[in-house]
Amino acid sequence: MTTTMYTAERIVSTNGIEINYDSFGKEDHPVIILIMGLATQMVFWDVRFCEILASKGYRVIRFDNRDIGKSTWCDAAIPPSHLALLASIIFGRTLDAPYSLNDMANDTLGLMDQLQIKNAHIVGASMGGMIAQLMAINAPDRVKSLTSIMSTTGNRQLPKPKLIFLKNLFKRPPKKADEFVTFGLSLWQALHGSTYQFQKEKVSELLRLSVNRGLNPKSNIRQLAAILSSKDRTQPLKAVNIPSLILHGDSDPLIPVACGYATAQAIPHSKIKVYPGMGHTLPDELLQEIANDILELIGTAS
């Protein structure tokens, strides 16, 4: 594949914070924006995946969400206690969060404003899918197409993560690089599952890169609070009239595939594709297929 044009990382100020981003492809091409998930930096959007999309005539932008990587950290905001988080998960109790998924959706819209992007094809993974859904609900004129990957509607009645992953969500990542890599490898391998080969060296490099870019150990609790404090999007999604694609793995241990089906059921005329054996990661073996599925949706939207 021919290497696409790459624009190195830059920072813009918007919505009261700074957002760090980079991009693949020419600036005058139609835009695809990739939104990453919980406590995960933008570098986990695979470069090859970005280049596949960009090679088809698109500008692909990935960025660090607030509180992660090189974007603004919200350290002044006190995260809720583990007990409050647990009560919210188990009993659905109201949770006060330092910021909301709506704030994060507005961050993405603000990034678009600063880059003078009128509208874009929005692709979100996990928490990023939730943010992408809110963009489609709140600012449909800015969203040309919606791809929600391994995500959910926020309906608390849907199946929950396996208990081991609930425990991991509460753990504060180690600060030391080697310990963080060991911790991260264990978690990513469990999320990945056993069907596809786990790329240990590649994930190790991404984890070390994350340490070098900036490790914010409390961000996972604040971002988890944003997820848990958000309202069920099922009814608002029924009003979405944007070409939409729901992608999910049938072996996802964190957000079960039933959540993907529920998302597809909520969005009128949306399409769903379930990948056998895929967990809560994007396996290297499926990157081309996933990119092709997204490009097919974008083609219908265009």
Side-chain angles (χ1 to χ4, degrees), residues 7-24 27 31-45 50 59-80 95-149 151-152 154 210 213-231 233 236-237 240 242:
T7 302
E9 295 182 39
R10 298 177 180 175
I11 287 179
V12 298
S13 297
T14 183
N15 203 22
I17 61 170
E18 292 186 334
I19 294 289
N20 180 81
Y21 76 97
D22 66 3
S23 68
F24 301 79
E27 290 192 5
V31 176
I32 300 172
I33 294 181
L34 306 177
I35 311 176
M36 188 36 81
L38 175 69
T40 306
Q41 298 185 24
M42 70 181 204
V43 293
F44 276 83
W45 285 112
C50 296
R59 181 188 184 191
V60 179
I61 296 173
R62 56 183 187 168
F63 67 96
D64 287 321
N65 284 308
R66 64 164 62 199
D67 225 3
I68 198 79
K70 294 184 179 180
S71 291
T72 295
W73 294 4
C74 304
D75 285 344
I78 300 173
L95 185 71
D96 290 328
Y99 50 81
S100 67
L101 290 182
N102 273 312
D103 291 327
M104 300 178 84
N106 288 334
D107 293 344
T108 313
L109 292 167
L111 173 64
M112 292 170 63
D113 290 340
Q114 292 301 311
L115 300 182
Q116 298 183 327
I117 298 169
K118 182 179 179 182
N119 49 42
H121 301 281
I122 307 298
V123 178
S126 196
M127 180 186 73
M130 304 171 200
I131 295 168
Q133 292 170 28
L134 284 169
M135 292 176 67
I137 291 167
N138 298 333
D141 57 317
R142 309 294 300 275
V143 181
K144 295 182 74 174
S145 73
L146 164 66
T147 301
S148 180
I149 306 174
S151 195
T152 185
S210 296
R213 296 180 80 249
L215 189 60
N216 185 7
K218 292 184 180 179
S219 66
N220 62 325
I221 297 299
R222 286 191 287 261
Q223 290 188 353
L224 179 59
I227 293 171
L228 294 174
S229 64
S230 65
K231 296 179 180 179
R233 293 175 295 281
L237 284 171
V240 169
I242 294 166

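- To the nearest 0.5 Å, the span separating CG on Leu95 from OG on Ser230 amounts to 10.0 Å.
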Check the pair Ile68, Met36 against side chain to side chain contact (heavy atoms under 4.5 Å, CB included), reporting the backbone distance first and the verdict last. CA-CA 10 Å; Ile68 198 79; Met36 188 36 81; over 6 Å; no
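- Residue Asn102 holds its CG atom at 5.0 Å from CG of Leu134, rounded to the nearest 0.5 Å.
- One finds the OG atom of Ser23 at 12.0 Å from the CD1 atom of Ile32 (value rounded to the nearest 0.5 Å).
- For the residue pair Asp22 and Ala8, the shortest heavy atom distance occurs at CB-C, 4.1 Å.
- Between Arg233 and Leu101 there is a side-chain heavy-atom pair separated by less than 4.5 Å.
- Side chains of Asp67 and Asn216: a donor-acceptor N/O pair is present below 3.5 angstrom, by distance only.
- Between the side chain of Arg66 and the backbone N or O of Trp73, no donor-acceptor pair lies under 3.5 Å.
- Within the 4.5 Å cutoff, the side chain of Tyr21 has heavy atoms near those of the Leu115 side chain.
- Note that the CD1 atom of Ile19 and the OG1 atom of Thr72 stand 7.0 Å from one another [nearest 0.5 Å].
- With values rounded to the nearest 0.5 angstrom, Leu146 atom CG is found 6.5 Å from Gln133 atom CD.
- In this structure, CD1 on Ile117 lies 6.5 Å from CG on Leu111, to the nearest 0.5 angstrom.
- At least one side-chain heavy atom of Thr108 sits under 4.5 Å from a side-chain heavy atom of Ile33.
- By the side chain to side chain contact (heavy atoms under 4.5 Å, CB included) test, Asn20 is found to be paired with Glu9, Ile11, Met42, Asp64, Lys70, Ser71, Arg213, residues two or more places apart in sequence or in another chain being considered.
- Listed here is the closest heavy atom pair of Ser151 and Ser126: OG-O, 2.8 Å.
- Contact of the Pro79 side chain with the Ser219 side chain is not registered, since no non-hydrogen atoms from C-beta on lie closer than 4.5 Å.
- Side chains of Ser210 and Val43 form a contact here, defined as non-hydrogen atoms less than 4.5 Å apart.
- Nearest heavy atoms, Pro98 versus Ile78: CG-O, 3.7 Å.
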Walk me through whether Met135 and Leu109 qualify under side chain to side chain contact (heavy atoms under 4.5 Å, CB included). CA-CA 8 Å; Met135 292 176 67; Leu109 292 167; 3.8 Å; yes
List the steps, then state whether side chain to side chain contact (heavy atoms under 4.5 Å, CB included) holds for Cys74 with Arg222. CA-CA 9 Å; Cys74 304; Arg222 286 191 287 261; 4.1 Å; yes
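- Contact detail for Ser229 and Ala226: the closest heavy-atom pair is OG-O, 3.3 Å.
- By the neighbour-count criterion of 12 heavy atoms within 6.0 Å, atom CG of Asp96 is sparsely surrounded, having that number or fewer from other residues, nucleotides or ligands.
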Start with the C-alpha gap between Asn65 and Asp107, add the side-chain angles, then the distance that decides, and say whether side chain to side chain contact (heavy atoms under 4.5 Å, CB included) holds. CA-CA 8 Å; Asn65 284 308; Asp107 293 344; over 6 Å; no
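- Of all heavy-atom pairs between Lys144 and Ile242, the closest is O-CG2, 3.7 Å.
- The nearest pair of heavy atoms linking Asp103 to Asn15 is O-ND2, 3.4 Å.
- Taking 4.5 Å as the limit, some side-chain heavy atom of Phe24 sits within range of a side-chain heavy atom of Arg62.
- Among Ile61, Val60, Val123, Thr40, the one residue that satisfies the side-chain contact (heavy atoms from CB on, under 4.5 Å) test with Trp45 is Val123.
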